[in-house]
Amino acid sequence: MKSEKKEVNLAPAFTPADIEAPLYQKWLDAGYFKADATSKKPPFTIVIPPPNVTGVLHIGHALDHTLQDILTRMKRMKGFEALWLPGMDHAGIATQNVVEKQLAAEGKSRHDLGREAFVKKVWEWKAESGGAILDQMKRLGDSVDWEREAFTMDANLSTAVLTIFKRLYDQGLIYRAERIINWCPRCLTALSDIEVEHQDDAGEFVSVRYGDGEQSIVVATTRAETMMGDGAVAVHPDDPRYKHLVGTEVMLPLVNRMIPIIADELVDPDFGTGAVKVTAAHDPNDFEMAMRHNVPFVVIMNEHGVMAGTGTEFDGMDRFDARVAVVAKLKELGRIVAEKRPYIHAVGHCSRCDTTVEPRLSKQWFVKVAPLAKAAGDAVRDGRVKIEPEELAPRYFDWVDGMHDWCISRQLWWGHQIPVYYGPNDEVVVCGPGETPPAGYTQDPDVLDTWFSSALWPFSTLGWPAQTPDLAKFYPTSVLVTGYDILFFWVARMMMMGLFAMDGVQPFHTIALHGLVRDRFGKKMSKSRGNTVDPIEFMDKYGSDALRFTLARGANPGSDQALAEEWIAGARNFATKLWNATRFAMMNGANVDGPLPAFDSLDGISQWILTRLDQTVAEVDALYESYEFAKASEIIYHFAWDDLCDWYLELSKASFAAGGESAKVSARVLGHVLDQLLRIMHPSMPFITEELWCAFTGGETLVTATWPSANSGLRDESSISLITQVQELVTEIRRFRNDQGIKTSAKVGAKFIGLESAGLAPYESAIRQITRIESIESGASAKIEVGKIGIEFDLTGAIDVGAERARLTKDLATAEKDRTTAKVKLDNEGFMAKAPMEVVQEIRARLAETSADIERITAQLAALPQA
RNA sequence: GCGUGGUUAGCUCAGUGGUAGAGCGCCUCGUUUACACCGAGGAUGUCGGGGGUUCGAAACCCUCACCGCGCACCA
């Protein structure tokens with residue numbers, strides 16, 4: 001009985017656009033992504049690294065989200081109460097910039113509106129245009145719990161901010177001080193150290209003579225314009241050149257003020273002239289020296305970076321214009337001793353707008369990080385928090401152990417306003433949630449650094465400071481998945497704040513760091529290079545699954561990955577392959593009905609695919625659990641494409657063609673393999689697997705289906721070597737046919753010799769099917785040998801002797817080379833004496849095998865007719 | 001300067017002691033019971049240089065060279 005092809009309720013071609021949106025809607029409607037705090041299941045929690053409210057989905061998010069979704073979906077299938085919590089960051093400077101730009105287009109500034117109206121405007125902007133990224137996350141298939149979506153400026157998250165601020169203040173960990181801070185003259189706000197990016201800029205290094213005659217000293221500087229603010233000149237205490245001058249005074253040119261020469265260890269006598277101008281109000285190092293030596297703070301620039309208060313012609317000039325003008329003037333006065341131009345040196349730029357940062361003396365709020373950072377370091381040191389991959393831990397320690405106090409006040413309007421109130425006589429009151437300041441007190445106008453509220457994210461999103469069921473169930477979170485680029489910005493700060501707020505309980509068990517997505521040549525993507533890519537465009541073109549799989553397949557822990565459009569096309573091809581394989585399986589009646597036939601009753605081909613499936617499940621599971629997404633994807637890819645499609649489906653065709661009981665068994669085994677494969681593929685390719693699995697099994701969803709368990713007992717390693725033999729035999733036959741120019745479609749008659757003794761007799765029909773060889777009784781005109789098996793072909797007419805000689809000669813060369821390597825080893829006394837037994841055995845077997853091959857091939861060559 | 005990663009096929013990358021791998025690209029052939037977004041077959045590497053350890057090194061050690069990344073300094 002021939003098997004009947006079944007009607008298949010699957011489109012003949014895979015079109016991602018047709019299935020993705022409806023499936024996502026189906027998942028939302030069913031509420032699969034909602035986490036239940038009252039559940040008895042063990043929790044699995046990931047909080048999303050909150051994208052900026054101004055942001056759109058870029059390829060880096062696509063990678064980050066894919067990895068988080070893989071973990072979340074897998075854990076959900078494993079029976080965890082999985083919560084992936086989405087949300088956004090209010091992104092103080094970035095958002096304020098966007099709205100200010102809009103106002104500027106109307107010729108207005110935020111000051112025209114006033115604070116209250118401006119902030120209202122930002123909220124309006126957020127409601128209308130903010131959060132575009134959230135819809136894009138749906139395209140990607142993110143299985144986040146939308147009911148728990150959070151925003152750092154939400155009421156409850158703001159409560160968390162007030163609570164932690166007051167708690168830190170009360171413990172003396174928040175203080176206000178006048179310091180040199182990083183100032184952006186364009187954004188008009190203070191910045192923390194990490195919001196400053198250092199770039200190598202070209203400047204000029206000029207040496208200027210201060211004073212005259214005996215009473216003079218030459219200082220070298222790149223910032224001549226600040227000299228009007230100099231309060232001293234410093235030299236190293238042991239510098240013999242200047243020892244006699246320490247304690248005396250020199251005349252400061254341009255402003256004609258006498259300033260002292262001081263001695264300080266900070267000065268490097270080998271750099272420049274060994275004498276440094278001390279501009280206490282405009283340089284952090286000078287500030288430190290000034291504090292030690294009572295040098296006055298002379299402010300010579302305003303908040304816009306414009307010269308002011310010097311009482312010279314330079315007042316009113318921009319700092320960079322002033323630099324040029326000051327140098328020109330000094331030259332005119334004959335005070336430039338030497339100059340070096342261009343002089344490449346690192347200069348800080350605002351990470352938001354790229355303006356050159358100006359060190360500025362100002363009164364700001366700081367977090368005293370020492371104790372917090374110590375705890376954050378210890379949590380990793382003592383193993384409570386693991387950093388994956390480990391190589392990135394030193395980078396974390398380096399930063400956490402050497403962190404400066406954190407400047408948290410920003411001169412912005414968009415953000416959490418600092419909950420500090422000042423009384424008429426400079427009294428200071430800090431108000432926690434629900435507390436009100438005494439009458440007549442006014443609130444500090446500044447807002448907090450955005451990262452202050454982001455640092456609370458793992459618990460503020462769960463309801464803290466209220467003791468909510470969510471907090472009890474889902475804190476600490478399981479794993480933090482993010483790029484190594486925000487290890488300092490965000491991760492370290494969450495560690496500090498989490499440990500502090502939650503009484504020493506770490507915010508996550510594991511920090512899984514991934515790399516950056518780069519262009520096809522491994523170059524950093526940037527707008528200026530013009531090599532950026534748009535994930536949405538890729539999803540439109542190839543489907544979300546293809547994009548996700550490509551990104552997962554490139555994600556080796558902590559390392560960057562290159563990405564090219566062709567790789568995504570390749571992943572789409574893989575999806576199509578899976579689609580067609582499922583169609584084929586369904587046509588042949590593959591099913592998951594009833595129990596699987598007893599493993600021992602199955603033939604070697606089915607035992608083999610089940611064994612390979614079991615190995616694959618075990619490997620993929622272990623790799624996902626250790627954040628090895630690239631390796632897991634690779635295993636899945638090769639199992640699905642090579643083992644299942646190229647071999648199992650092909651080898652099963654004979655069985656399906658035969659119909660009857662064998663076809664039924666194959667259909668059931670195939671059904672099982674496909675069912676399990678779709679399950680392990682679901683986390684990385686959720687859409688297509690859902691579509692196929694539902695069509696094929698009639699089940700409701702894979703989202704909550706059970707994750708396959710390895711070591712199911714459906715495993716027999718000997719089936720692997722059996723099928724390896726079959727594969728070698730088939731490949732050699734194909735090679736012979738190919739070399740002989742026999743069309744793939746052409747059926748050729750041939751007889752097998754020795755199948756029985758090799759244990760392959762039961763698979764003859766499968767082998768014949770896959771190699772398109774028909775049986776004959778006699779009339780062989782050509783013979784090849786593969787190991788101990790001979791194949792006698794009935795080729796009408798003569799064989800291509802030249803091609804056959806070439807084929808055999810090549811085989812002979814390979815065998816001889818292999819035999820030589822084996823022989824060299826076995827002749828080596830050291831090897832025989834010291835190599836482990838099993839290695840020696842292996843090499844011996846190789847020698848025997850290659851020797852036999854050589855003998856056989858030599859005989860075959862000799863038997864060929866002379867050309 | 002301190003720390004850290006890398007140098008493997010044309011490109012992007014796996015491979016951490018036992019006969020060099022993948023994807024893409026390349027060459028030849030090809031519609032066979034799913035799939036040309038496919039199938040079959042094939043070519044391609046003194047594993048950056050030098051030295052060492054070892055019976056055996058792409059892998060371990062030393063050294064040099066060159067790329068990268070982070071941090072600090074840069075008056």
Side-chain angles (χ1 to χ4, degrees), chain A residues 3 5 8 12-14 198 205 219-223 226 234 266-268 271-279 283 285-286 343-347 391-392 394-395 397-399 402 484-485 487-488 515-516 518 520-522 524 542 546 550 553-554 556 558-564 566-567 569-588 630-631 634 637-638 645-646 649-650 652-654 656-657 731 734-735 737-739 741-747 769-770 772 817-818 821-822 825 828-836 838-840 842-843 846 850:
Chain A
S3 68
K5 281 217 201 154
V8 173
F14 168 51
H198 292 270
F205 195 46
V219 301
T221 181
T222 54
R223 301 209 56 196
T226 63
L266 202 64
V267 180
D268 175 1
F271 190 88
T273 62
V276 185
K277 58 199 274 308
V278 180
T279 319
D283 182 281
N285 290 323
D286 293 3
Y343 176 74
I344 306 296
H345 61 143
V347 176
E391 302 94 83
L392 289 172
R395 204 179 274 203
F397 291 130
D398 182 39
W399 195 73
Y484 62 72
D485 53 327
L487 189 58
F488 308 143
L516 273 33
R518 294 167 169 268
R520 69 177 60 219
F521 300 114
K524 197 168 181 171
Y542 304 105
T550 306
R553 197 178 181 189
N556 284 116
S559 51
D560 294 349
Q561 62 169 297
L563 180 72
E566 297 94 288
W567 313 178
R572 185 271 321 266
N573 297 353
F574 178 49
T576 306
K577 187 79 184 172
L578 191 69
W579 184 276
N580 288 314
T582 305
R583 278 182 64 229
F584 173 82
M586 289 170 74
M587 282 185 231
N588 285 288
K631 291 191 179 73
E634 196 67 11
Y637 182 89
H638 288 291
C645 293
D646 288 349
L649 291 185
E650 294 302 330
S652 301
K653 281 178 180 174
F656 288 129
T731 303
R734 283 169 170 168
R735 191 157 79 100
R737 289 182 56 126
N738 214 291
D739 290 346
I742 300 166
K743 285 190 175 183
T744 326
S745 53
K747 294 224 172 183
Q769 167 80 25
I770 200 171
R772 302 191 66 71
K817 186 177 151 253
D818 289 352
T821 13
K825 289 207 174 199
N828 181 329
E829 280 176 31
F831 174 79
M832 296 306 286
K834 296 191 176 172
E838 70 247 31
V839 175
V840 176
E842 198 189 310
I843 306 288
R846 198 184 301 158
T850 48

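Each chain gets a letter, A, B and so on, in the order the sequences are listed, and its residues count up from 1. Below, each value reflects all heavy atoms present in this structure, side chains not excepted, and no hydrogens, waters or symmetry copies.
- Using P as the reference atom, B:rG5 and B:rG23 are 29 Å apart when rounded to the nearest Å.
- The CG-P distance, from A:D560 to B:rC11, rounds to 19 Å in whole Å.
- Aromatic ring pairs are classed by plane angle as parallel below 30°, tilted from 30° to 60° and perpendicular above 60°; the pair A:Y637 and A:F574 is tilted.
- Atom C1' of nucleotide B:rU8 and atom CG of A:N556 are separated by 15 Å, given to the nearest angstrom.
- You'll find the side chain of A:K631 reaches within 4.5 Å of the side chain of A:N556, heavy atoms only.
- Rounded to an integer number of Å, the gap from A:I843 CD1 to B:rU19 P is 7 Å.
- In the interface, the side chain of A:E650 is paired with the base of B:rA34 through a donor and an acceptor atom under 3.5 Å apart.
- Base-pair partner of B:rG68: B:rU4 (Watson-Crick or G-U wobble, both distances under 3.5 Å).
- Among the nucleotides B:rA34, B:rG41, B:rU4, the one closest to any side-chain atom of A:E391 is B:rU4.
- Under 4.0 angstrom from either OP1 or OP2 of B:rG15 there lies at least one side-chain N or O belonging to A:K631.
- Using a 4.0 Å heavy-atom criterion, one finds that A:D268 contacts the bases of the nucleic acid, with or without backbone contacts as well.
- The separation of B:rG6 from B:rC62, taken at their P atoms, amounts to 15 Å, rounded to a whole angstrom.
- If you check every strand for non-hydrogen atoms under 4.0 Å, A:R734 touches sugar and phosphate atoms only.
- Using a 4.0 Å heavy-atom criterion, one finds that A:T731 contacts the sugar-phosphate atoms exclusively.
- Residues A:V840 and A:M832 have side chains in contact (heavy-atom distance under 4.5 Å, counting atoms from C-beta outward).
- Judged purely by atom type and a 3.5 angstrom limit, A:R737 uses its side chain to pair as donor or acceptor with the backbone of A:A746.
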Would you tabulate the pairs of protein nitrogen or oxygen atoms and nucleotide nitrogen or oxygen atoms of nucleotides 20-29 of chain B closer than 3.5 angstrom?
residue : atom : partner : partner atom : Å
B:rA22  : O2'  : A:E634  : OE2          : 2.6
B:rA22  : O2'  : A:H638  : NE2          : 3.3

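- Separation of the C1' atoms belonging to B:rC64 and B:rC27 is 40 Å when rounded to the nearest angstrom.
- Contact annotation for A:E829: no contact, since no heavy-atom pair falls under 4.0 Å across all strands.
- Among the protein residues, A:R772 comes within range of the nucleic acid bases, having at least one heavy atom under 4.0 Å from a base atom.
- Figure legend. B:rA36 is base-paired to no nucleotide; pairs are counted as Watson-Crick or G-U wobble with both atom distances under 3.5 Å.
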If you apply the rule side chain to side chain contact (heavy atoms under 4.5 Å, CB included), what do you find for A:V839 with A:K825, and how did you get there? CA-CA 10 Å; A:V839 175; A:K825 289 207 174 199; 5.8 Å; no
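- As rounded to the nearest Å, B:rG45 and B:rA22 have C1' atoms that lie 14 Å from one another.
- Distance CZ (A:F831) to C1' (B:rA57): 15 Å, rounded to an integer number of Å.
- Here the P atom of nucleotide B:rU4 and the CZ atom of A:F397 are 13 Å apart, to the nearest Å.
- Close to B:rA75, at under 4.0 Å from its OP1 or OP2, lies a side-chain N or O of A:T222.
- When the P atom is compared between B:rG48 and B:rC13, the two are found 15 Å apart, to the nearest whole Å.
- Between A:P394 and A:N580, the residue whose closest nucleotide on RNA chain B is further toward the 5' end is A:P394.
- What separates CG of A:D818 from P of B:rG18 is a distance of 17 Å, to the nearest Å.
- Distance CG (A:L649) to P (B:rU33): 15 Å, rounded to an integer number of Å.
- The partner of B:rC73 is absent, by the rule that a Watson-Crick or G-U pair needs both atom distances under 3.5 Å.
- For B:rC47 and B:rU8, the P atoms lie 11 Å apart once the distance is rounded to whole Å.
- Counting non-hydrogen atoms under 4.0 angstrom, A:V267 reaches a base of the nucleic acid.
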I'd like to know whether A:E650 forms a salt bridge (charged side-chain N to carboxylate O under 4.0 Å, His left out) with A:K653, so could you lay out the CA-CA distance, the side-chain angles of the two residues, the decisive distance to 0.1 Å, and finally the verdict. CA-CA 5 Å; A:E650 294 302 330; A:K653 281 178 180 174; 3.1 Å; yes
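- For the residue pair A:N573 / A:Y542, no side-chain donor-acceptor distance below 3.5 Å is found, with atom types taken as modelled.
- The P atoms of B:rU12 and B:rU31 are separated by 37 Å, rounded to the nearest whole Å.
- Rounded to whole Å, atom C1' of B:rG6 lies 13 Å from atom CZ of A:R395.
- The residue A:R583 sits close only to the backbone: its heavy atoms come under 4.0 Å of sugar-phosphate atoms, none of a base.
- Shown here, B:rA9 forms no base pair; nothing in the strands shown gives a Watson-Crick or G-U wobble contact with both key distances under 3.5 Å.
- Of the C1' atoms belonging to B:rG3 and B:rA43, the separation is 44 Å, rounded to the nearest Å.
- When heavy atoms are screened at a 4.0 angstrom cut-off, A:P836 is found touching base atoms of the nucleic acid.
- Of the candidate nucleotides B:rG3, B:rU12, B:rU31, B:rU12 has the atom lying nearest to any side-chain atom of A:A562.
- Residue A:D739 is classed as having no contact, given no heavy-atom separation below 4.0 Å to the nucleic acid.
- Taking the side chain as every heavy atom from C-beta outward, A:Y484 and A:L516 approach each other to under 4.5 Å.
- With distances taken from any side-chain atom of A:N588 to the nucleotides B:rA75, B:rU33, B:rG18, the minimum falls on B:rU33.
- Both distances falling under 3.5 Å, in either a Watson-Crick or a G-U wobble arrangement, occur for no nucleotide opposite B:rU54.
- Side chain A:R520 to base B:rC11: no donor-acceptor pair is found below 3.5 Å.
- Residue whose closest nucleotide on RNA chain B sits further toward the 5' end, between A:R518 and A:I770: A:I770.
- B:rC47 is unpaired under the criterion used here, namely a Watson-Crick or G-U wobble arrangement in which both key atom distances are under 3.5 Å.
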Side chain to side chain contact (heavy atoms under 4.5 Å, CB included) between A:N580 and A:F584: does it pass, once the steps are laid out? CA-CA 6 Å; A:N580 288 314; A:F584 173 82; over 6 Å; no
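- Among the protein residues, A:F521 comes within range of the sugar-phosphate backbone only, with heavy atoms under 4.0 Å from sugar or phosphate atoms but none that close to a base.
- A:Q561 comes within contact range of no nucleotide atom at all, as no heavy-atom separation falls under 4.0 Å.
- Side chains of A:T850 and A:K817: no donor on one and acceptor on the other come within 3.5 Å.
- When heavy atoms are screened at a 4.0 angstrom cut-off, A:A581 is found touching base atoms of the nucleic acid.
- Closest to the side chain of A:S745, out of B:rU31, B:rA34, B:rG41, is B:rU31.
- Considering only heavy atoms from C-beta on, A:R734 comes within 4.5 Å of A:I770 through its side chain.
- In this structure the side chain of A:V219 never reaches within 4.5 angstrom of the side chain of A:V276, judged on heavy atoms.
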